[in-house]
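Since the model is a prediction, treat every value here as computed from it, not as a measurement. So you know, we letter chains A, B, ... as the sequences are listed, proteins then strands, and number each from 1.
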Number of protein chains: 2
Amino acid sequence: MRALHDIGSALRSRGFRVTPQRRVIYELLEEHGGHISADELYSLARMRQLRVSLSTVYRALDLFQKLGLVRAFRVRDQQLYEVTKEEEHHHLVCLGCGKVVEFRCEHCEELFKVLAKRYDFQVTGSRVQLLGYCAGCRGGDEEG
Amino acid sequence: MRALHDIGSALRSRGFRVTPQRRVIYELLEEHGGHISADELYSLARMRQLRVSLSTVYRALDLFQKLGLVRAFRVRDQQLYEVTKEEEHHHLVCLGCGKVVEFRCEHCEELFKVLAKRYDFQVTGSRVQLLGYCAGCRGGDEEG
DNA sequence: GTATGTGCAAAGGTTTTGCCCCAAC
DNA sequence: GTTGGGGCAAAACCTTTGCACATAC
């Protein structure tokens with residue numbers, strides 16, 4: 001696993017305090033690899049003996065998003081969070097098991113530039129979800 | 001404008017009753033061209049003198065979705081609804097005024113097939129949102 | 001006439017807020 | 001010591017549900 005980002009200095013440098021709650025919530029986001037809900041973060045944090053409340057989880061997620069450290073997205077009526085990655089990426093979502101797989105797609109980004117021009121939109125970001133079934137959830141049952 | 005779909009027979013043929021509420025809600029969805037919330041539908045329906053409740057709006061939207069007549073999608077923390085179109089399409093979302101513009105993109109669909117193969121996913125649907133600023137919301141202010 | 005559909009109000013789940021205490025600086 | 005951040009409980013928000021009545025068939 002890659003070294004964790006230094007959430008401490010990211011906060012301090014912008015005048016925010018570094019608390020155990022914020023530290024653990026961010027660590028969990030990184031360790032989980034993303035695609036985790038506020039409630040799951042809350043449970044995992046408590047399993048780690050952290051004294052924390054659900055509202056603190058939401059407040060931390062909010063702060064992290066404002067600082068650009070975390071990104072929220074919605075999958076199947078669930079709000080999920082992931083640490084912001086350098087490169088834009090998108091999601092494959094399995095409608096069977098709910099698994100979310102990231103993928104990168106340079107062609108998509110090129111395509112979006114063309115579309116931006118065509119529709120006279122200044123495109124600042126994109127969200128792509130491909131919905132379907134992963135290999136495991138298809139197993140021997142190939143109809144949709 | 002294209003002739004409205006016959007929501008009456010769509011319902012009746014499947015054993016559901018045709019009520020004024022369902023009729024008006026569907027009409028509003030068609031007239032609005034999509035991208036409308038449950039609450040807006042409710043307000044518009046009441047402006048038309050229809051006696052209706054918000055729960056009926058939700059129940060109708062639910063039924064229409066189950067019948068494949070309507071599709072839900074989420075834009076900027078808002079749940080929006082649109083009548084199902086023949087061809088798959090995606091959305092440009094203006095972060096300034098909230099406007100949602102539809103676009104079609106054959107290249108996207110081709111690309112998604114390639115990605116499906118690469119990641120061993122059976123893709124049954126896709127959701128694409130390009131976020132940015134429309135011409136009106138940029139006007140004279142080109143920085144992001 | 002019967003069963004589905006409706007309005008209303010209450011409940012449900014998720015997210016936000018107020019307030020007072022605590023701890024990071 | 002200050003003041004930003006936290007826990008807790010309550011509120012807010014959107015959506016769903018239960019129930020008795022209405023109405024499409």
Self-check item: Heavy-atom check, side chain of B:His90 versus side chain of B:Ser126, under 4.5 Å
Solution: yes
Practice problem: Could you pull out all residues at least two apart from A:Ser53 that satisfy side-chain contact (heavy atoms from CB on, under 4.5 Å)? | Solution: A:Ser55, A:Thr56
Practice problem: Go through the structure and list residues passing salt bridge (charged side-chain N to carboxylate O under 4.0 Å, His left out) with A:Arg76, not counting sequence neighbours. | Solution: none
Self-check item: ring pair (Phe, Tyr, Trp, His ring centres under 6.0 Å) involving A:His91 - partner list, sequence neighbours excluded
Solution: A:His35, A:Phe73, A:His89
Practice problem: Measure across B:Arg17 and B:Leu11 and return the closest heavy-atom pair with its distance rounded to 0.1 Å. | Solution: O-CD1, 3.8 Å
Quiz item: What pairs of residues pass the side-chain hydrogen bond (donor to acceptor under 3.5 Å, both in side chains) test when at least one of them lies in residues 63-75 of chain A, not counting sequence neighbours?
Solution: A:Asp62-A:Lys66, A:Arg71-A:Glu82, A:Arg74-A:Gln79
Quiz item: Excluding sequence neighbours, so at least two apart, what forms ring pair (Phe, Tyr, Trp, His ring centres under 6.0 Å) with B:Phe16?
Solution: none
Practice problem: Using the test salt bridge (charged side-chain N to carboxylate O under 4.0 Å, His left out), find all partners of B:Arg104 that sit at least two apart in sequence or belong to another chain. | Solution: B:Glu87, B:Glu102
Self-check item: Nearest-0.5 Å distance, CZ of residue B:Phe64 to CG of residue B:Leu29
Solution: 7.0 Å
Quiz item: Taking any atom under 4.0 angstrom from a heavy atom of chain A, which nucleotides of DNA chain C are the first and last to qualify, 5' to 3'?
Solution: C:dT14 to C:dC25
Quiz prompt | Along DNA chain D (nearest heavy atom to each residue), the more 5'-positioned of A:Tyr42 and A:Gly15 | solution = A:Gly15
Self-check item: Which residues share a side-chain contact (heavy atoms from CB on, under 4.5 Å) with A:Glu40, sequence neighbours left out
Solution: A:Ile36, A:Ser37
Practice problem: Could you grab the distance from atom CG of A:Leu92 to atom CG of A:Leu131, nearest 0.5 Å is fine? | Solution: 9.0 Å
Exercise. For B:Tyr81 and B:Ala38, work out which heavy atoms get closest and say how close.
Key: CE1-N, 4.0 Å
Exercise. Within residues 56-65 of chain B, find the residues that approach DNA chain C with a heavy atom at under 4.0 Å, and present them sorted by residue number.
Key: B:Thr56, B:Arg59
Exercise. Could you note down all residue pairs passing salt bridge (Lys or Arg N to Asp or Glu O under 4.0 Å) where residues 109-127 of chain A supplies at least one of them, sequence neighbours left out?
Key: A:Asp120-B:Arg138
Quiz item: Using a heavy-atom cut-off of 4.0 Å to chain B, what are the terminal contacting nucleotides of DNA chain D, in 5' to 3' order?
Solution: D:dC14 to D:dC25
Self-check item: Degree of bending, the helix from C:dG1-D:dC25 to C:dC25-D:dG1 (end axes from five pairs; round to 10°)
Solution: 30°
Practice problem: Let me know, please, whether A:Val52 or B:Leu54 comes out on the 5' side of the other along DNA chain D by nearest nucleotide. | Solution: A:Val52
